[in-house]
Amino acid sequence: MEKEDILENRFLTLLQTTYSQLYEQAQTNCWLVVVPQTSALRGLRVTPEIAACHILKPSPLFKEVYVVATVEGKTCEIEDQCIVEKEGWEEKRKIRIIDEELFYNQHYKPFKVLLVDQPMMGGTASHLTGYADVPQIMPNPKDWSSCLEYLRSFPENEIVLRKIDQNTEQFKQSYVLVKGFEDDAREKVSKLVETAIEQLLCANIFYRKMQDNLRQLRDISLIIESYVMSGLFDMICIGLRQLREADDYKTYSVLNACKVSSLTLKDFDSHPEMTNIDFSGSVSILRGLNQCRHPLQMLYVLTDSVDSIIATVENAGTGLMVTTDDLIPIITYVITQSDFAYYESCLYYIENFIFTDISTTKLGFNSTNFRASIMYMKSKAMELVLSIPPTLAVGVGSGNGNGNGSGSGSGSTRSLSMLHRSTDRPSKGHAVGEEDDLLISIIANTSVKSHPKSNKSPASQHFQPPPSVINVSENNNNNNGGDDFLQYLKTLSS
């Protein structure tokens, strides 16, 4: 498991903000600051006493013995990388030290901060009773169930959340998402989110205090806007899938063609020492997109998949560091294995309906990486199509194909050589633009059998596969990658 960054620890942030006087006293005197790992804080309401019990100072009498700095009668010892509670504690816990870091105060004097596996006290139901007026640790916005629990844990939030639900429902009943007016929808949803954030910050005193801490303000804003967007899931997310169905279908067609043709990491120009690494764990994470209900949740799935890729490479024993140049081909390969059918609408949803600024964060970086990887996947597919001999004829028609390279209505049989617009058009690394739409449509016409919308909706009727489509994955056992892809297209167009 990846070690938590102490600087990002939520208990430490709470000490530095809500209990800033206590933290100031600790750093001035160079006392020992103990912070439980964020994963151990769920449901913990931090009273002044609980906060104080995490500030220790050396005992004036005994070596290796510490006392709680501002609460009398509580002692503990540090032995074998554990804090062992001795006198004055109700439960006498043995707390494992995960990590320690040296901090410096305003006079450049050092003091230690210990990251531990559980709180010194608190964290059970018995400590929650009667403390409705003290703050609960804010969860990571990534954990949606904890975020819901957190929002609902404050009695003062109840009326505001009910009002937010009413506003959301009223918007759903009065507004229709129309193609070409997505920007208008974005503006109206943005105002809905902005109003919700303002109302909750106004109603909740602890939320108001977060306005002095930019990271905390960003996190609570993300949690609140995710609450709103979750309520709009059926309208916005599903609506965008319908409006961008043709784009989703094309991209899924390329994805599917790459998968059934057994394209490998090598075919996507991955680093030679990374081509034999198993990234199935990253693929499994990416399939979680189907369970997401708001754009931030989707973006965290993308980010977790990237984190998994990096961890997998590091654990493979190659000694390599994953650069952005290494990352894009691997993400592309993982995308082709994921079977997710809505990448275009998903990325549009993420890029346009997360209103809190995350552009300079890890989340924003990974959103850009996935957009680049989708483009790269199409570009590599185009390279393979363009390498087919120009004498090979491929059927392109506006009606339903009949399996022999022709189409009904105004369809005609054209040579791929006609698609080479000019002799100076690059055959490798070219950008995917309007000139490639016909090529992508060829792949769409000849590769997809199982898209969720196939043969059911008007948008997908333009991309129905001919009856002669065969499943190459059932017949290819030699794993020739790019060669299989070409043979696949040749078979389907012969």
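Note that the structure is predicted; figures quoted are calculated from it, not measured.
For Lys92, the NZ atom is densely surrounded, since the number of other residues' heavy atoms within 6.0 Å is greater than 12. Counting heavy atoms of neighbouring residues, nucleotides and ligands inside a 6.0 Å radius, atom CD of Glu72 does not exceed 12 of them. Heavy-atom contacts from other residues, nucleotides or ligands closer than 6.0 Å to CD1 of Ile159 number 12 or fewer. Within 6.0 Å of atom CG in Asp234, more than 12 heavy atoms from other residues, nucleotides or ligands are found, so the atom counts as buried in its surroundings. Within a 6.0 Å sphere centred on CD of Gln170, heavy atoms belonging to other residues, nucleotides or ligands number 12 at most. Heavy atoms from other residues, nucleotides or ligands lying under 6.0 Å from CD of Glu158 number 12 at most. Atom CD of Gln21 is surrounded by 12 or fewer heavy atoms from other residues, nucleotides or ligands within 6.0 Å.
For Asp278 against Thr312, the heavy-atom pair with the smallest separation is O-CG2, 3.4 Å. Here the closest non-hydrogen pair linking Val160 and Ala203 is CG2-CB, 3.6 Å. Taking each heavy atom of Ala341 and Tyr252 in turn, the nearest pair found is CA-CD1, 3.5 Å. Between Phe181 and Tyr175, the shortest heavy-atom distance links the atoms O-OH, 4.0 Å. Nearest heavy atom pair, residue Gly288 against residue Cys292, reads O-SG, 3.6 Å. Here the closest non-hydrogen pair linking Asp269 and Pro329 is O-CG, 4.0 Å.
With values rounded to the nearest 0.5 angstrom, Leu32 atom CG is found 6.5 Å from Ile83 atom CD1. Atom CG of Leu240 and atom CG of Asn352 lie 8.5 Å apart (nearest 0.5 Å). Note that CD1 of Ile310 is 13.0 Å distant from CG of Leu320, once rounded to the nearest 0.5 Å. Atom-to-atom distance recorded for Ser270:OG and Asn276:CG is 10.0 Å, nearest 0.5 angstrom.
Note on Glu182 versus Arg186: no salt bridge recorded, every NZ/NE/NH1/NH2 to OD/OE distance being 4.0 Å or above. A salt bridge between Lys172 and Glu169 is present, with a side-chain N of the basic residue lying under 4.0 Å from a carboxylate O of the acidic one.
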*asked:* Let's go through Gln81 and Glu100 carefully: what are the C-alpha distance in whole Å and the side-chain angles of both, what is the deciding distance for side-chain hydrogen bond (donor to acceptor under 3.5 Å, both in side chains) to 0.1 Å, and is it a yes or a no?
replied: CA-CA 10 Å; Gln81 281 297 104; Glu100 72 173 55; 5.8 Å; no
*Would you check, one step at a time, whether the test side-chain hydrogen bond (donor to acceptor under 3.5 Å, both in side chains) holds for Asp165 with Thr168?*
CA-CA 5 Å; Asp165 291 341; Thr168 301; 5.4 Å; no
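Using cut-offs of 30° and 60° on the angle between ring planes, the pair Tyr207 and Phe154 is perpendicular. Aromatic ring orientation, Phe111 versus Phe103: tilted (interplanar angle from 30° to 60°).
Partner of Ser308 under the side-chain hydrogen bond (donor to acceptor under 3.5 Å, both in side chains) criterion, out of Ser284, Ser282, Ser280: Ser282 alone.
A ring-centre distance under 6.0 Å is not found for Tyr342 and Tyr349.
Asn157 places a side-chain N or O within 3.5 Å of a backbone atom of Leu151 that can act as its donor or acceptor partner. A side-chain donor-acceptor contact under 3.5 Å links Asp5 to the backbone of Leu7. In this structure, the side chain of Ser367 does not engage the main chain of Gly364 through any donor-acceptor pair within 3.5 Å.
Between Val33 and Lys112, the closest side-chain pair of non-hydrogen atoms is not below 4.5 Å. Taking 4.5 Å as the limit, some side-chain heavy atom of Val46 sits within range of a side-chain heavy atom of Tyr19.
Sequence neighbours left out, the pairs with a member in residues 339-349 that pass salt bridge (Lys or Arg N to Asp or Glu O under 4.0 Å) are Lys259-Asp339, Arg287-Asp339, Glu344-Arg371, Glu344-Lys378. Applying the salt bridge (Lys or Arg N to Asp or Glu O under 4.0 Å) rule to pairs touching residues 312-334 yields nothing, sequence neighbours excluded.
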